[in-house]
There are 2 protein chains.
Amino acid sequence: MKARRDVFQAIADPTRRAIIGLLAKQTQTLNTVADNFNMSQPAISKHMRILTECGLVVMIKQGRERHCSANFKALEEVAQWAEQYRSFWSSRLDALENLLNESD
Amino acid sequence: MKARRDVFQAIADPTRRAIIGLLAKQTQTLNTVADNFNMSQPAISKHMRILTECGLVVMIKQGRERHCSANFKALEEVAQWAEQYRSFWSSRLDALENLLNESD
DNA sequence: ATGATATATAACCATTTGGTTTAGTAAAAC
DNA sequence: GTTTTACTAAACCAAATGGTTATATATCAT
């Protein structure tokens, strides 16, 4: 049994972020998703597997089609991680100033 | 010349996220950062290089030491990307419901 | 039944990743 | 000036990543 996929790793790939973007507009089948990319269907299939493994996408089998839908809740972890540092970048306390103050 | 590093890829690694967390508390030298991890100093050096290449960390040479400081502004891209989908997960329109509605 | 369609699975491959150890180099301490 | 110290760079390695093509499987259409 594989260790549960990491959502940070899942969104590291630009193709997978683009897939999320597509699914935000509407649920799509795997094939219609694949039409948007310049790569083979198995490649998209693999990306989709990674996305489902970390909970970012839910796939439901309907006949011979797989209907794919994004589960944006899984992005909360990412948003929260990044946002915890927002006060740092929105304040005056960013990296350069830290360093400059330090060397004063 | 290497293509500019991607911040999404940079934060995909848990060690690098931990480094960001450390630098949020205070600027540190490369060595003091390395003390927090169970890996060699060159390994941390490499992580730090990736972090600086995508702008997440700023390093300033001071004598023989490298003072490392996080530049949280570089996280804005990540926060914004994730947040654009917040309305989806905070509303009732999440994946499962989409699919269930569809198959009604 | 036969064939087309939608997808998964397998086998394969090149490249990247994340680590290692072993030098090097530059600054500080003695 | 010799030795630590802080780090970088190089050479190496196993494993993971992201793609391919070819094949299998299940469903739908005829």
Side-chain angles (χ1 to χ4, degrees), chain A residues 1-23 26-54 56-70 99 102-103, chain B residues 1-23 26-54 56-70 99 102-103:
Chain A
M1 212 139 308
K2 261 299 189 49
R4 185 156 136 18
R5 278 277 178 183
D6 181 356
V7 67
F8 286 94
Q9 193 239 314
I11 64 168
D13 184 88
T15 301
R16 288 194 289 266
R17 287 201 301 281
I19 290 175
I20 297 291
L22 279 175
L23 296 183
Q26 57 185 330
T27 291
Q28 292 189 47
T29 66
L30 202 141
N31 258 4
T32 59
V33 167
D35 288 343
N36 293 273
F37 299 93
N38 191 22
M39 65 182 74
S40 66
Q41 170 265 317
I44 297 297
S45 204
K46 280 172 154 195
H47 281 305
M48 208 62 88
R49 179 191 242 279
I50 290 171
L51 289 168
T52 58
E53 278 176 353
C54 76
L56 258 170
V57 162
V58 176
M59 272 201 276
I60 291 193
K61 190 179 165 179
Q62 231 165 59
R64 61 187 162 180
E65 294 173 340
R66 261 43 159 202
H67 290 236
C68 309
S69 193
L99 282 168
E102 186 190 288
S103 47
Chain B
M1 213 141 308
K2 261 298 189 50
R4 184 157 135 22
R5 278 276 179 182
D6 181 355
V7 68
F8 285 94
Q9 194 238 313
I11 64 167
D13 184 89
T15 301
R16 288 194 289 267
R17 288 200 301 281
I19 290 174
I20 297 291
L22 279 175
L23 296 183
Q26 57 185 331
T27 291
Q28 293 190 46
T29 66
L30 204 140
N31 258 4
T32 59
V33 168
D35 287 343
N36 293 274
F37 299 94
N38 190 23
M39 65 181 74
S40 66
Q41 175 266 319
I44 297 297
S45 205
K46 281 173 156 194
H47 282 304
M48 208 63 89
R49 180 192 241 277
I50 289 170
L51 289 168
T52 58
E53 278 176 355
C54 75
L56 258 169
V57 162
V58 176
M59 272 200 276
I60 290 193
K61 192 179 163 177
Q62 228 163 62
R64 61 185 164 182
E65 294 175 340
R66 263 40 160 205
H67 289 235
C68 310
S69 192
L99 282 169
E102 185 190 287
S103 46

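Letters go in sequence order (proteins before strands), and every chain restarts at 1. Only heavy atoms go into these numbers, but all of them, side chains included; no hydrogens, no water, no symmetry mates.
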Report task. With the side chain of A:E65 defined as its heavy atoms from C-beta on, choose the nearest nucleotide among C:dT7, C:dG18, D:dA9. Result -> C:dT7
Query raised in the report: Atom CD of A:E53 to atom C1' of C:dA8: distance rounded to whole Å?
Result: 14 Å
Query - Among D:dC7, C:dT21, D:dT21, the one nearest B:L30 by side-chain distance - result: D:dC7
Query raised in the report: The side chain of B:R66 lies closest to which of these nucleotides: D:dG19, D:dT8, C:dA8?
Result: D:dT8
Report summary line: Taken to the nearest whole Å, CE/A:M39 to P/D:dT17 is 16 Å
Requested in this report: May I ask you to verify if any side-chain N or O of B:Q9 is less than 4.0 angstrom from the OP1 or OP2 atom of C:dT16?
Outcome: no
Requested in this report: Hey, which sits more toward the 5' end of DNA chain C by its nearest nucleotide, A:K46 or A:R64?
Outcome: A:R64
Query raised in the report: When you measure from the side chain of B:A43, which nucleotide among C:dT20, D:dT27, D:dG18 comes out closest?
Result: C:dT20
Query raised in the report: Is any side-chain nitrogen or oxygen of B:S45 closer than 4.0 Å to OP1 or OP2 of D:dC7?
Result: no
Query raised in the report: Do A:Q41 side-chain and C:dA6 base share a donor-acceptor contact under 3.5 Å?
Result: no
Report summary line: Per atom distances to the B:K61 side chain, the nearest of C:dA26, D:dG19, D:dA6 is C:dA26
Query raised in the report: Going by heavy atoms in the side chains, are B:F37 and B:I19 under 4.5 Å from each other?
Result: yes
Report task. Measure from CG on A:D35 to C1' on C:dT7 and round the result to the nearest Å. Result -> 13 Å
Query raised in the report: How long is the line joining CZ of A:R49 and C1' of D:dA16, in whole Å?
Result: 15 Å
Query raised in the report: Are A:N31 and C:dT7 close enough that a side-chain N or O sits under 4.0 Å from OP1 or OP2?
Result: yes
Requested in this report: Nearest whole angstrom, please: distance from the P of C:dT5 to the CD1 of A:I44.
Outcome: 20 Å
**Report entry** Atom pair distance, as rounded to whole Å: NE2 in B:H67 and C1' in D:dA6
**Finding:** 10 Å
Requested in this report: Take the protein atom CZ of B:F37 and the nucleotide atom P of C:dG18, then report the distance between them rounded to whole Å.
Outcome: 14 Å
Report task. Check for a donor-acceptor pair, side chain of A:R66 on one end and backbone N or O of A:T29 on the other, with a separation under 3.5 Å. Result -> no
**Report entry** Among D:dG19, C:dT20, D:dT20, the one nearest B:S40 by side-chain distance
**Finding:** C:dT20
Query raised in the report: Does the B:S45 side chain pair with the main chain of B:Q41, one donor and one acceptor, at a distance under 3.5 Å?
Result: no
Query raised in the report: Is the side chain of B:R16 donor-acceptor paired with the backbone N or O of B:L51 at a distance under 3.5 Å, no angle test?
Result: no
**Report entry** Intermediate values then yes/no, side chain to side chain contact (heavy atoms under 4.5 Å, CB included), A:H67 and A:K61
**Finding:** CA-CA 6 Å; A:H67 290 236; A:K61 190 179 165 179; over 6 Å; no
Query raised in the report: What's the closest nucleotide to the B:R16 side chain, out of C:dG18, D:dC7, D:dG18?
Result: C:dG18
Requested in this report: Can you tell me the distance, in whole Å, between the CG atom of B:N38 and the C1' atom of C:dG18?
Outcome: 14 Å
